[in-house]
Amino acid sequence: QVQLVESGGDSVQAGGSLRLSCAASTRTYCLGWFRQAPGKGPEGIAGINTDDGTTYYADSVKGRFTISQDKAKNTVYLQMNDLKPEDTGMYFCAATRGNICGWWGSYSSWGQGTQVTVSS
(Lines give C-alpha, C1' and ligand atoms only; values in the text may rest on other atoms or scores of the structure.)
Protein backbone atom coordinates (compact mmCIF):
# COMPACT_ATOMS: atom_id res chain seq x y z
CA GLN A 1 0.00 0.00 0.00
CA VAL A 2 1.29 3.46 -0.94
CA GLN A 3 1.99 5.76 2.00
CA LEU A 4 0.28 9.18 1.87
CA VAL A 5 1.00 12.13 4.14
CA GLU A 6 -1.21 15.23 4.08
CA SER A 7 -0.47 18.68 5.45
CA GLY A 8 -1.86 22.21 5.29
CA GLY A 9 -5.17 22.01 7.14
CA ASP A 10 -6.06 24.97 9.33
CA SER A 11 -8.86 27.12 10.71
CA VAL A 12 -9.84 30.04 8.46
CA GLN A 13 -12.66 32.52 8.04
CA ALA A 14 -15.21 32.26 5.24
CA GLY A 15 -13.82 33.64 1.99
CA GLY A 16 -10.27 32.64 2.84
CA SER A 17 -7.92 30.20 1.12
CA LEU A 18 -5.82 27.18 2.01
CA ARG A 19 -3.50 24.89 0.10
CA LEU A 20 -3.27 21.25 1.10
CA SER A 21 -0.32 19.05 0.17
CA CYS A 22 0.02 15.28 -0.03
CA ALA A 23 3.27 13.39 -0.53
CA ALA A 24 3.02 9.84 -1.85
CA SER A 25 5.73 7.27 -1.22
CA THR A 26 5.61 6.01 -4.79
CA ARG A 27 4.11 6.83 -8.15
CA THR A 28 0.42 5.99 -8.57
CA TYR A 29 -1.92 6.17 -11.56
CA CYS A 30 -4.14 8.76 -9.88
CA LEU A 31 -4.12 10.95 -6.80
CA GLY A 32 -7.14 12.65 -5.32
CA TRP A 33 -8.85 14.31 -2.40
CA PHE A 34 -11.87 13.33 -0.32
CA ARG A 35 -13.49 15.07 2.61
CA GLN A 36 -15.79 14.08 5.42
CA ALA A 37 -17.98 16.73 7.03
CA PRO A 38 -19.20 16.37 10.61
CA GLY A 39 -21.97 13.79 10.76
CA LYS A 40 -21.69 12.90 7.05
CA GLY A 41 -20.01 10.25 4.93
CA PRO A 42 -16.91 10.76 2.77
CA GLU A 43 -17.25 12.84 -0.40
CA GLY A 44 -14.93 12.73 -3.41
CA ILE A 45 -13.66 16.24 -4.18
CA ALA A 46 -10.96 16.13 -6.86
CA GLY A 47 -8.73 13.73 -8.76
CA ILE A 48 -5.82 13.92 -11.16
CA ASN A 49 -4.31 11.55 -13.69
CA THR A 50 -0.64 11.73 -12.75
CA ASP A 51 0.48 10.77 -16.25
CA ASP A 52 -1.32 13.34 -18.42
CA GLY A 53 -2.57 15.81 -15.80
CA THR A 54 -6.30 15.41 -16.52
CA THR A 55 -8.34 16.65 -13.57
CA TYR A 56 -11.77 15.78 -12.15
CA TYR A 57 -13.91 17.75 -9.70
CA ALA A 58 -17.08 17.37 -7.71
CA ASP A 59 -19.74 19.94 -8.55
CA SER A 60 -19.64 21.24 -4.99
CA VAL A 61 -16.08 22.56 -5.40
CA LYS A 62 -15.66 23.14 -9.14
CA GLY A 63 -14.53 26.70 -9.81
CA ARG A 64 -13.21 27.18 -6.27
CA PHE A 65 -10.77 24.29 -5.76
CA THR A 66 -7.86 23.31 -8.02
CA ILE A 67 -5.89 20.07 -7.91
CA SER A 68 -2.33 20.02 -9.22
CA GLN A 69 0.82 17.94 -8.90
CA ASP A 70 4.58 17.97 -8.72
CA LYS A 71 5.08 14.85 -10.80
CA ALA A 72 8.76 14.37 -9.96
CA LYS A 73 7.99 14.41 -6.22
CA ASN A 74 4.83 12.23 -6.34
CA THR A 75 3.09 15.12 -4.61
CA VAL A 76 -0.43 16.44 -5.12
CA TYR A 77 -1.90 19.75 -3.99
CA LEU A 78 -5.39 21.09 -3.43
CA GLN A 79 -5.73 24.86 -3.69
CA MET A 80 -8.97 25.88 -1.96
CA ASN A 81 -10.28 29.40 -2.57
CA ASP A 82 -13.42 31.20 -1.41
CA LEU A 83 -13.87 28.75 1.43
CA LYS A 84 -17.33 28.37 2.93
CA PRO A 85 -18.46 26.99 6.30
CA GLU A 86 -19.88 23.94 4.50
CA ASP A 87 -16.33 23.10 3.37
CA THR A 88 -15.47 22.26 6.97
CA GLY A 89 -14.33 18.68 7.46
CA MET A 90 -11.50 16.22 7.51
CA TYR A 91 -9.67 16.14 4.17
CA PHE A 92 -8.00 12.93 3.01
CA CYS A 93 -5.50 12.33 0.25
CA ALA A 94 -6.11 9.14 -1.72
CA ALA A 95 -4.45 7.05 -4.43
CA THR A 96 -5.66 4.44 -6.91
CA ARG A 97 -4.40 1.02 -7.92
CA GLY A 98 -6.08 1.40 -11.32
CA ASN A 99 -6.14 4.24 -13.83
CA ILE A 100 -9.79 5.40 -13.80
CA CYS A 101 -9.16 8.65 -12.00
CA GLY A 102 -12.64 10.15 -12.45
CA TRP A 103 -14.42 7.34 -10.58
CA TRP A 104 -14.23 7.80 -6.82
CA GLY A 105 -14.36 4.05 -6.29
CA SER A 106 -10.90 3.73 -7.86
CA TYR A 107 -9.26 5.27 -4.80
CA SER A 108 -8.16 2.60 -2.34
CA SER A 109 -5.19 4.00 -0.36
CA TRP A 110 -5.69 6.81 2.13
CA GLY A 111 -3.73 9.29 4.17
CA GLN A 112 -4.40 10.07 7.81
CA GLY A 113 -6.35 13.26 7.09
CA THR A 114 -5.92 16.96 7.81
CA GLN A 115 -8.59 19.11 9.42
CA VAL A 116 -10.07 22.13 7.64
CA THR A 117 -12.36 24.39 9.64
CA VAL A 118 -14.10 27.38 8.05
CA SER A 119 -15.87 29.83 10.34
CA SER A 120 -18.39 32.52 9.43
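Just so you know, residue 1 is the first one in the sequence shown, and it goes up from there.
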What verdict does the side-chain contact (heavy atoms from CB on, under 4.5 Å) test give for D87 and R64, after you've listed the backbone C-alpha separation in whole Å, the side-chain angles of each residue and the deciding distance to 0.1 Å? CA-CA 11 Å; D87 294 318; R64 297 188 297 124; 2.7 Å; yes
Look at the side chain of T75 and the backbone N and O of A23, then say whether any donor-acceptor pair between them is shorter than 3.5 Å. no
Within the 4.5 Å heavy-atom criterion, are K73 and S21 side-chain neighbours or not? no
Side-chain heavy-atom pair Y77, D70 within 4.5 angstrom cut-off: yes
Answer with yes or no whether the hydrophobic clustering places L78 together with V116; edges join I, L, V, M, F, W, Y residues whose side-chain heavy atoms lie under 4.5 Å apart. yes
For F92 versus G111, what's the shortest heavy-atom pair and its separation? CD2-O, 3.6 Å
Between atom CG of D82 and atom OG of S17, what is the distance when rounded to the nearest 0.5 Å? 8.0 Å
Nearest heavy-atom pair of V76 and I48: which atoms, and what distance? CG2-CG2, 4.0 Å
Exercise: identify the closest heavy-atom pair between D51 and K71: O-NZ, 3.1 Å
Taking C-beta and beyond as the side chain, do M80 and L20 meet within less than 4.5 Å on heavy atoms? yes
Do any N or O atoms from the side chain of Q3 and from the backbone of Q1 form a donor-acceptor pair under 3.5 angstrom? yes
Ignoring hydrogens, what is the shortest heavy-atom contact between S120 and P85? Give both atom names and the distance. CB-CG, 4.0 Å
N/O donor-acceptor pair under 3.5 Å between Q79 side chain and R19 backbone: no
On a heavy-atom basis, which atom in E6 and which in C93 lie closest, and how many Å separate them? OE2-N, 2.7 Å
Parallel, tilted or perpendicular: rings of F34 and W104 (30°, 60°): perpendicular
Exam field: side chain T96 to backbone S106, donor-acceptor pair closer than 3.5 Å: no
Less than 4.5 Å apart, side chain to side chain, heavy atoms only: is that true for L18 and F65? no
Assess whether atom CZ of R97 is packed by more than 12 heavy atoms of other residues, nucleotides or ligands within 6.0 Å. no
Stepwise side-chain contact (heavy atoms from CB on, under 4.5 Å) check, Q112 with L4: CA-CA 8 Å; Q112 80 288 344; L4 301 165; over 6 Å; no
When rounded to the nearest 0.5 Å, the distance separating CH2 of W33 from OG1 of T114 is 7.5 Å
Non-hydrogen atoms of S25 and V2 that approach each other most closely: OG-CG2, 3.5 Å
Test C101 against every option in N49, L31, T28, T54 by the side-chain contact (heavy atoms from CB on, under 4.5 Å) rule and name the one that passes. N49
Backbone of N74 reached by a side-chain donor or acceptor of Q69 within 3.5 Å: no
So with a 6.0 Å cut-off around OH of Y57, is the heavy-atom count from everything else above 12? yes
Hey, is CD on Q13 packed in by over 12 heavy atoms from elsewhere, all under 6.0 Å? no
Would you say W110 and Y29 are hydrophobically clustered, going by side-chain heavy atoms of ILVMFWY under 4.5 Å? no
